[in-house]
2 protein chains.
Amino acid sequence: MAADRPTGKTLAGGAYERIRGAIQDGRLRPGDRLRFADLQALCAMSVTPVREALARLTAEGFTVLDDHRGFSVAPLSLSELRDITANRKLCEGEALRLSIEKGDGQWEARLVAAHHLLARVPQGRDDMPSVIRDDWDERHAAFHQALISACGSPILLDTCLRLFGHAGRYRRVSVSLSGMRRDAEAEHRQLVELALARDGAGAVAALHAHYQGTADALEAFFDGRDA
Amino acid sequence: MAADRPTGKTLAGGAYERIRGAIQDGRLRPGDRLRFADLQALCAMSVTPVREALARLTAEGFTVLDDHRGFSVAPLSLSELRDITANRKLCEGEALRLSIEKGDGQWEARLVAAHHLLARVPQGRDDMPSVIRDDWDERHAAFHQALISACGSPILLDTCLRLFGHAGRYRRVSVSLSGMRRDAEAEHRQLVELALARDGAGAVAALHAHYQGTADALEAFFDGRDA
DNA sequence: ATGGCATGGATTTTCGAAAATCGTTGACAC
DNA sequence: GTGTCAACGATTTTCGAAAATCCATGCCAT
């Protein structure tokens, strides 16, 4: 709901954002075949920028490409969810540890500010409580980004950002079917407190528990299905 | 020297491999502007597949894109080298630990085989000892891949592969100017022994030392330059 | 001399159609 | 009834040129 104008600087960039948005919020579902005709209609442009957008999305793992058979939305699976969770524990855990070790007052300020914004908006919509609000999602991402923003490693930050994006696909599917997680707020607040107290080990443990809790909540949904 | 025919299945795939190869072995140098006219000549194809290849390379960090100003080869810097090294320690270290913990006989066989192939070929060319042989480079990559191939995490493997590719750019630049590393062979053999002995902690420590040694050898070259 | 502005050239970005490829359907032989 | 093969339709992939954009040069006014 945030991209009607040719968003960025180039059409291809706009197509990238639009298609990625459609994948992340479920309008395009896992396994769906992506025909160029449909995507051209969705993005109101020719085939070239759409193809570039799909190339980028494929490199990031949101879509897959079978040569000469076209693109499709990357499937979701229980095994990938577990894999993502394990990698988030490893990478974001280390990034958090580094941030606590090296973060300065600016970092603390960013963290407190991001948490304040996140805590001020409800997770679900008023009319449809089982659908995540767009602004909550943005602020949630910004919060986790702020948490690790002082780690000093652009590459690690990039890895974490990529993992966060992939986890987002699972988060939304789960929430739409099994309801919100009840204690996310408390866990976020606890993370801030531990970080400000410079309790590296405790904060990393809390982060691990946070992700594992999210993953556990999702496992129920995938139970039975999956490949 | 390994791609005259339209390598893969699609032209774009061939362009990707060719341009990436040119970047990794230094024919295209960091900061070089990538004009479509030149690339079309290099790849012998039209603009569309070249553009798709550049989109993929950009998503993987080998090239950068300024909107409407074109693509260029991603620059090399001392800070990025340190960042890559730290991330390799973290990710490949964990992947190695997991492989040692979970690897079976098949993994051991792959590892021994890969090491055997690597040890059988000299690092530098006979005519130009300061240039890495293409086959050594391939086998070196295969060895490190085999080392962590039993970690059970496709995402972690992908991260490691990406990091290895980036580190390769630094490795070649360094070797071409300051000569080979003298003890790489011994370190590789030691890694195999520790892995087969299932000494997780020792193997990870050896891997860290291996990467740090490589990085230290490179720092000398970058000393003075860099941004 | 200096700053702003229009003009030109070089390059990227996009388009719409042609060429190539894959899966499938249907006919035909065994 | 079963298996093989050829032709078709749908779709991707590629092409070559047009449109859009940016950077630099030179001109004019101050």
Side-chain angles (χ1 to χ4, degrees), chain A residues 3-23 27-75, chain B residues 3-23 27-75:
Chain A
D4 254 320
R5 63 198 181 287
T7 309
K9 272 282 185 182
T10 75
L11 286 185
Y16 170 83
E17 291 181 9
R18 183 169 295 205
I19 297 174
R20 174 171 168 163
I23 290 176
R27 297 212 314 277
L28 294 173
R29 291 185 304 181
D32 276 0
R33 188 121 175 254
L34 296 174
R35 272 172 279 268
F36 279 96
D38 302 339
L39 264 39
Q40 286 183 56
L42 172 65
C43 299
M45 63 187 65
S46 186
V47 63
T48 313
V50 171
R51 174 161 263 272
E52 175 168 339
L54 289 176
R56 289 196 219 171
L57 289 166
T58 298
E60 293 181 5
F62 287 104
T63 56
V64 293
L65 166 62
D66 287 349
D67 284 324
H68 288 284
R69 296 199 42 179
F71 297 83
S72 56
V73 180
Chain B
D4 254 319
R5 61 198 182 287
T7 309
K9 273 283 184 182
T10 75
L11 286 185
Y16 169 83
E17 291 181 10
R18 184 169 293 206
I19 297 174
R20 175 171 167 161
I23 291 175
R27 296 210 317 276
L28 294 173
R29 290 186 306 181
D32 276 0
R33 186 123 175 250
L34 296 173
R35 272 172 279 269
F36 279 96
D38 303 339
L39 265 39
Q40 286 181 56
L42 172 66
C43 299
M45 63 186 66
S46 186
V47 62
T48 313
V50 171
R51 173 161 263 272
E52 175 168 339
L54 288 175
R56 289 196 219 170
L57 288 165
T58 298
E60 292 180 7
F62 288 103
T63 56
V64 293
L65 166 62
D66 287 349
D67 285 324
H68 288 287
R69 294 200 42 178
F71 296 84
S72 57
V73 181

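Every chain is numbered from 1 and lettered A, B, ... according to where its sequence line falls, protein lines coming before strand lines.
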Just compare [options] and give me whichever is closest to any side-chain atom of [X].
{"X": "B:Thr10", "options": "D:dT13, D:dC15, C:dT13", "answer": "D:dT13"}
{"X": "B:His68", "options": "C:dT21, C:dT13, C:dG16", "answer": "C:dT13"}
{"X": "A:Val47", "options": "C:dT12, D:dT11, C:dA17", "answer": "C:dA17"}
{"X": "A:Ser46", "options": "D:dT13, C:dG16, D:dT14", "answer": "C:dG16"}

Measure from the side-chain N and O atoms of [X] to the backbone N and O of [Y], and report whether any donor-acceptor pair falls under 3.5 Å.
{"X": "B:Arg35", "Y": "B:Gly70", "value": "no"}
{"X": "A:Thr63", "Y": "A:Thr58", "value": "yes"}
{"X": "A:Arg33", "Y": "A:Arg69", "value": "yes"}

In whole Å, I'd like the distance from the [atom1] atom of [X] to the [atom2] atom of [N].
{"X": "B:Leu11", "N": "D:dT12", "atom1": "CG", "atom2": "P", "result": "17 Å"}
{"X": "B:Phe71", "N": "C:dA10", "atom1": "CZ", "atom2": "C1'", "result": "17 Å"}
{"X": "A:Gln40", "N": "D:dT12", "atom1": "CD", "atom2": "C1'", "result": "11 Å"}
{"X": "B:Leu65", "N": "C:dT12", "atom1": "CG", "atom2": "C1'", "result": "10 Å"}
{"X": "A:Leu54", "N": "D:dT12", "atom1": "CG", "atom2": "C1'", "result": "11 Å"}
{"X": "B:Phe36", "N": "C:dT13", "atom1": "CZ", "atom2": "P", "result": "6 Å"}
{"X": "B:Glu52", "N": "C:dT12", "atom1": "CD", "atom2": "P", "result": "18 Å"}
{"X": "B:Leu39", "N": "C:dT13", "atom1": "CG", "atom2": "P", "result": "13 Å"}

Between [X] and [N], is there a contact of a side-chain N or O with OP1 or OP2 at under 4.0 Å?
{"X": "B:Arg35", "N": "C:dA10", "result": "no"}
{"X": "B:Arg69", "N": "D:dC23", "result": "yes"}
{"X": "A:Lys9", "N": "C:dT12", "result": "no"}

Looking at side-chain heavy atoms only, is the closest gap between B:Leu65 and B:Leu54 below 4.5 Å?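 No, every pair of side-chain atoms sits at 4.5 Å or beyond.
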
Atom CG in B:Leu28, atom CG in B:Asp38: separation rounded to 0.5 Å? 9.0 Å

When all nucleic acid strands are considered with a 4.0 Å heavy-atom cut-off, which category describes A:Leu34: base, sugar-phosphate, or nothing?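 The residue A:Leu34 makes sugar-phosphate contact but no base contact.
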
